[in-house]
2 protein chains.
Amino acid sequence: MHSLPDDRTARAKIRDEALRLFGERGPDAVTVRDIAAAAGVSPALVIRHYQSKDGLRQAVDEHVTAVFEAMLTRAVGTGDGDPLDQAALPTLAEAMAEFLPADSPIPSYLGRLLLAAGPVGTALFRRLHEVSKDALAALAQAGAADTGADPDVRAAFLLVNDLAVLILRPQLREVLGVDPLSGDGMQRWATETLSVYRTGLGGNTDPT
Amino acid sequence: MHSLPDDRTARAKIRDEALRLFGERGPDAVTVRDIAAAAGVSPALVIRHYQSKDGLRQAVDEHVTAVFEAMLTRAVGTGDGDPLDQAALPTLAEAMAEFLPADSPIPSYLGRLLLAAGPVGTALFRRLHEVSKDALAALAQAGAADTGADPDVRAAFLLVNDLAVLILRPQLREVLGVDPLSGDGMQRWATETLSVYRTGLGGNTDPT
DNA sequence: CACGATGATAAACAATTGTTCAGCGTGGTC
DNA sequence: GACCACGCTGAACAATTGTTTATCATCGTG
């Protein structure tokens with residue numbers, strides 16, 4: 001990422017197609033020949049640029065992580081204006097919808113990254129848990145929420161609720177009839193989650 | 001060797017080892033030779049009994065689905081005593097902890113089944129969503145909860161909160177320092193989720 | 001004892017996959 | 001023109017993997 005002449009043609013295209021295919025089917029189900037064909041190059045060129053398939057996977061990992069990190073800082077950065085409102089917590093999916101094109105392969109790849117065993121996914125998950133804990137603490141300090149008896153678990157609970165939309169996107173789309181990362185789907189999802197976060201599931205919570 | 005019921009044959013052992021390995025690494029990362037070695041038999045015998053690796057995978061799918069289905073009916077069956085209390089909803093993980101040994105490979109395999117694209121996982125997810133919807137409706141009818149403005153989405157929300165423990169178990173264990181499917185972990189997780197389900201995240205919910 | 005039936009195996013086969021290697025075309029420079 | 005650096009490729013290689021085939025051992029039974 002330093003001083004290479006230009007990332008312009010074949011090399012970047014290989015990485016982008018790999019990102020897309022990895023996100024769709026998972027790295028194990030994608031062959032070097034698949035990637036080469038999708039990028040319109042020969043399999044040998046893929047290896048020539050990235051040494052190995054695993055090298056390519058690492059390059060995609062780093063690229064996706066970098067994009068996501070930039071997105072994170074921008075997302076929490078914008079929260080400074082009105083630091084804590086209803087939208088301060090479930091911003092992960094919303095940030096993706098805002099900063100990425102609707103057909104971006106990054107959400108899918110991120111979902112796989114978080115699921116796969118490995119240092120990258122683990123670090124990413126831990127990072128997100130920290131962000132979640134910080135957000136919860138900020139909400140609590142502002143009196144907009146309570147950290148609960150077990151702040152670590154509560155933050156993890158909030159986090160996985162957000163990640164579920166990434167990880168189970170195909171299944172949710174199948175069952176709900178709408179892509180949970182689309183505008184409409186996010187609206188419906190956010191409404192319900194915020195409702196629960198605000199007042200719980202409802203019902204006769206207090207016998208007044 | 002011979003005293004046990006006729007389920008500890010080589011055939012069953014192959015299936016059980018396949019279930020375990022598939023759950024640990026995913027079917028694509030497990031070779032027929034791996035399974036054969038784990039079961040103490042030859043690779044040829046694996047094929048002889050199940051025709052193909054995919055046939056074995058289907059057999060494991062059916063076995064896991066059957067076990068899970070039995071678990072589901074027993075779990076909702078026990079709910080008849082005191083039909084709806086605090087424990088009526090997030091029973092999925094608890095049912096597993098109750099009906100399965102602590103080191104059972106079934107939760108992991110189920111998690112993968114729900115994530116993988118394919119008819120079995122899709123059907124399973126749809127089935128669970130129905131169960132979740134029914135449970136929510138029952139809670140609502142008893143006045144213990146509200147179906148919300150969007151019952152389908154609310155039921156899906158509750159479902160994925162439960163599934164997250166299955167799907168993200170390694171990551172949660174890593175971050176929280178406790179297996180969320182162990183007794184201790186489930187206790188902590190259930191406490192927080194029920195707290196949120198009951199009253200929301202807390203804080204100054206109304207600006208009096 | 002012979003003898004199938006049963007259950008299991010070793011060895012080979014064919015296809016796939018990651019990777020290497022020798023070389024080809026093209027464009028800039030002397 | 002000669003040359004050479006560079007981006008790229010086609011074909012081959014080696015390892016892995018799912019699967020087949022031909023064979024072996026064992027055991028209850030005539």
Side-chain angles (χ1 to χ4, degrees), chain A residues 1-63 109 112-113 116-118 120, chain B residues 1-63 109 112-113 116-118 120:
Chain A
M1 72 177 186
H2 304 88
S3 58
L4 282 178
D6 39 9
D7 225 10
R8 52 175 180 139
T9 33
R11 174 144 195 208
K13 177 149 200 182
I14 289 170
R15 190 201 50 192
D16 289 346
E17 292 298 325
L19 164 54
R20 185 178 60 84
L21 290 173
F22 285 167
E24 284 176 7
R25 313 182 210 160
D28 292 348
V30 175
T31 72
V32 173
R33 285 167 176 84
D34 288 339
I35 300 167
V41 300
S42 70
L45 193 65
V46 175
I47 301 296
R48 174 162 192 81
H49 275 310
Y50 294 96
Q51 285 77 45
S52 68
K53 183 188 179 182
D54 199 69
L56 173 56
R57 218 214 52 236
Q58 285 178 239
V60 176
D61 278 2
E62 290 173 20
H63 177 241
Y109 194 90
R112 290 191 188 275
L113 210 49
V120 185
Chain B
M1 181 191 305
H2 49 272
S3 57
L4 286 180
D6 54 324
D7 202 20
R8 269 303 167 263
T9 65
R11 178 166 177 153
K13 177 149 200 180
I14 290 170
R15 190 202 51 194
D16 289 346
E17 292 298 325
L19 163 54
R20 184 177 61 83
L21 290 173
F22 285 168
E24 282 176 8
R25 314 182 208 160
D28 292 348
V30 175
T31 72
V32 173
R33 285 168 175 83
D34 288 339
I35 300 167
V41 300
S42 71
L45 193 64
V46 175
I47 300 298
R48 173 163 191 82
H49 275 309
Y50 294 95
Q51 284 78 43
S52 69
K53 182 187 179 182
D54 199 69
L56 173 57
R57 219 214 50 236
Q58 285 178 239
V60 176
D61 277 2
E62 290 172 22
H63 177 240
Y109 193 90
R112 289 192 190 275
L113 209 49
V120 185

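In what follows, chains carry the letters A, B, and so on, assigned in the order in which the sequence lines appear, proteins first and then strands, with residues in each chain numbered from 1. Note that the structure is a prediction, hence the values are computed from the model and not measured.
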In whole Å, I'd like the distance from the CZ atom of B/R57 to the P atom of D/dT19. 12 Å
Please give, in whole Å, the distance from D/dT20 P to B/Y50 OH? 17 Å
Interatomic distance where NZ belongs to A/K53 and C1' belongs to C/dT17 [whole Å]: 8 Å
Applying side-chain contact (heavy atoms from CB on, under 4.5 Å) between A/V30 and each of A/D34, A/D28, A/V32, report the one that passes. A/D34
Protein-nucleotide distance (B/H49, atom NE2; C/dT6, atom P), rounded to Å: 13 Å
What's the closest nucleotide to the A/T31 side chain, out of D/dG18, C/dT17, D/dT20? C/dT17
Return the nearest nucleotide to the side chain of B/S42; candidates are C/dA8, D/dT20, C/dT19. C/dA8
Value for CG (A/L56) from NE2 (A/H63), rounded to nearest 0.5 Å, stands at 12.0 Å
The side chain of A/S52 lies closest to which of these nucleotides: C/dT19, D/dG18, C/dA8? C/dT19
For the side chain of A/R33, counting heavy atoms from C-beta on, which of C/dA12, C/dA8, C/dG18 is nearest? C/dG18
How long is the line joining CD1 of B/I14 and P of D/dG18, in whole Å? 14 Å
Check the distance between C/dT16's P and A/D28's CG and give it to me in whole angstrom. 18 Å
Checking contacts here: which listed nucleotide (D/dT20, C/dT19, D/dC8) is nearest the side-chain heavy atoms of B/A44? D/dT20
Rounded to the nearest angstrom, tell me the gap between atom CD in B/Q51 and atom C1' in D/dG18. 14 Å
CZ of B/R48 versus C1' of D/dT21: gap in Å, rounded? 11 Å
Measure from the side-chain heavy atoms of B/V41 and tell me the nearest of D/dC8, C/dT9, C/dT20. C/dT9
Can the positive tip of A/R11 be found less than 6.0 Å from the middle of the six-membered ring of A/Y50, inside 45° of the ring normal? yes
Could you go through A/R57 and A/V60, starting from their C-alpha distance and side-chain angles, then the distance that decides it, and tell me whether this counts as side-chain contact (heavy atoms from CB on, under 4.5 Å)? CA-CA 5 Å; A/R57 218 214 52 236; A/V60 176; 5.7 Å; no
Taking the side chain as every heavy atom from C-beta outward, state whether B/D16 and B/R20 have any pair of such atoms under 4.5 Å apart. no
Among the nucleotides C/dC21, C/dG18, D/dT21, which one has an atom lying closest to any side-chain atom of A/V32? C/dG18
